[in-house]
Number of protein chains: 2
Amino acid sequence: MTRASVRDQIADRALLLFDQNGFDETTIDDIALAVGISSRSFFRYFPAKEDVVLNDPTPFGEIVRDTAAARPANEPVWAVLRRAFDPLHATTVVDVTRGLRIMRIMMSTASLRARNLEKHITWAAMLEPVIAARLSGSDESRRFRAQILIHSALACLDVALAEWTRRDGSTDVATLLDEAFEIPNS
Amino acid sequence: MTRASVRDQIADRALLLFDQNGFDETTIDDIALAVGISSRSFFRYFPAKEDVVLNDPTPFGEIVRDTAAARPANEPVWAVLRRAFDPLHATTVVDVTRGLRIMRIMMSTASLRARNLEKHITWAAMLEPVIAARLSGSDESRRFRAQILIHSALACLDVALAEWTRRDGSTDVATLLDEAFEIPNS
DNA sequence: CCTAAACTGTCACCCCATGACACAAATATC
DNA sequence: GATATTTGTGTCATGGGGTGACAGTTTAGG
């Protein structure tokens with residue numbers, strides 16, 4: 001009964017309840033009861049109810065940033081951003097059912113969708129220096145353009161993931177992302 | 001003492017408190033006390049605390065959609081999207097101080113920034129049919145590409161507004177938006 | 001002036017979240 | 001193996017956001 005395993009157990013139970021009864025309709029007490037713990041203990045594993053569905057953006061943000069930073073210096077910025085999301089495919093492939101469930105819950109709950117968009121803000125802030133470094137011009141101009149490009153890329157990611165969910169995972173996320181990234185440059 | 005005027009009064013007081021004490025640090029009771037109403041009455045004017053800062057996206061979304069729909073049929077889609085945001089400048093010019101205050105509060109509160117991004121989802125859904133109608137290809141493809149273009153445009157809008165705030169309103173929103181919209185096509 | 005609608009405060013309640021505390025279990029140390 | 005320490009847990013109390021119900025008051029309209 002390691003800590004991580006208990007956490008996973010809570011998450012599994014909770015996601016199931018969220019999926020079938022709705023996120024807002026499922027209370028912490030419901031989850032705690034289903035797992036057999038006190039509602040107080042729930043918060044000892046998750047800082048908030050939403051964190052069962054949305055994981056901390058920072059760790060993955062670091063991976064994305066480092067991936068972008070590791071791309072060749074002469075690679076076009078837009079391609080760098082596309083490649084930065086490569087590590088993401090892996091996670092969507094590991095457990096498709098779970099991934100789709102999470103997406104389903106997320107897209108049917110306003111507050112969760114909003115929290116998910118917060119990830120963009122975090123990632124954009126982390127990516128900014130890496131992307132700005134690959135642009136030319138004044139510091140101001142580079143910062144501004146980096147923000148635009150990053151947020152556009154994140155928009156592509158979001159739409160691609162939404163489409164992936166809409167198709168029930170039948171099309172690869174990588175394929176959808178490739179398609180999405182071609183569109184702004186047309 | 002019309003309903004709208006009371007609402008404005010509450011909003012003004014609340015925004016002032018949010019700005020100087022922080023959004024999370026300011027409680028509903030604080031606002032109610034400052035205005036001289038009961039905390040229950042606050043919710044009779046605003047469905048939630050956040051709604052003091054973020055207004056309902058739908059009314060303005062309709063304006064944006066209709067503006068886009070009214071553009072000439074042969075205009076490039078990206079230009080249509082740029083023009084769709086024209087009605088927004090007006091609002092940022094009417095009361096710059098208030099606009100900047102709202103932006104300041106919003107950008108210093110994670111939950112508010114996230115909720116603000118949710119506006120994108122609403123607007124994107126409203127704009128989708130208008131934009132998709134201007135694209136060619138299969139229904140699926142048009143929908144997908146419309147989403148990407150719309151979300152990219154909204155990303156430009158967001159970054160432009162953030163920059164406007166950062167510069168304390170010294171640069172026109174229209175100018176920043178023009179700059180922003182040039183970047184993805186480069 | 002009187003009635004009906006709109007508005008208000010108070011009270012009760014639910015849910016999420018956090019801090020404090022006592023207690024049991026697991027682990028470490030001798 | 002006995003003891004001490006760390007870790008996890010349940011319970012309780014508190015605070016903030018949000019909602020429904022109800023009674024009293026103000027306002028508008030005839």
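In what follows, chains are A, B, ... by sequence order, proteins preceding strands, each numbered from 1. Nothing here was measured: the structure is a model prediction, and the numbers come from that model.
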In whole angstroms, the gap separating C1' of D:dG18 from CD1 of B:Ile28 amounts to 9 Å
Side-chain atoms of B:Arg44 come closest, of C:dT10, D:dT19, D:dG10, to C:dT10
- Query: Is there a donor and acceptor pair closer than 3.5 Å between the side chain of B:Arg40 and the base of D:dG17?
  - Reply: no
message = For a quick check of understanding: with a heavy-atom distance under 4.0 Å over all strands, which category does A:Tyr45 fall into, base, sugar-phosphate or nothing?
response = sugar-phosphate
Taken to the nearest 0.5 Å, the spacing of B:Arg143 CZ from B:Ile148 CD1 works out to 10.5 Å
Rounded to whole Å, CZ of B:Phe43 lies from C1' of C:dC11 at a distance of 16 Å
Taken to the nearest whole Å, CG/B:Asp30 to C1'/D:dG15 is 13 Å
| Under 4.0 Å between a side-chain N/O of A:Thr27 and OP1 or OP2 of C:dC16, yes or no? | yes
Here the distance between atom P of C:dT8 and atom CZ of B:Phe42, to the nearest Å, is 14 Å
From CD1 of A:Ile37 across to P of D:dT11 the rounded distance in Å is 12 Å
*asked:* Classify B:Thr26 by what it touches in the nucleic acid, base, sugar-phosphate, or nothing, heavy-atom distance under 4.0 Å.
replied: sugar-phosphate
Separation of C:dC7 atom P from B:Gln9 atom CD, nearest Å, is 15 Å
B:Phe46 CZ to C:dC7 C1', in whole Å, measures 16 Å
Ion pair A:Arg115/A:Asp51, N-O distance below 4.0 Å
no
Could you walk me through whether A:Lys119 and A:Phe60 pass the side-chain contact (heavy atoms from CB on, under 4.5 Å) check? CA-CA 10 Å; A:Lys119 215 164 45 184; A:Phe60 203 81; over 6 Å; no
Closest to the side chain of A:Ser41, out of D:dG20, C:dC16, D:dG10, is D:dG10
Using a strict threshold of under 4.0 Å (side-chain N to carboxylate O), is an ion pair present between B:Arg65 and B:Glu128?
no
Separation of C:dA17 atom P from B:Asp24 atom CG, nearest Å, is 13 Å
**Asked** Is any side-chain heavy atom of A:Arg40 closer than 4.5 Å to a side-chain heavy atom of A:Phe43?
**Response** yes
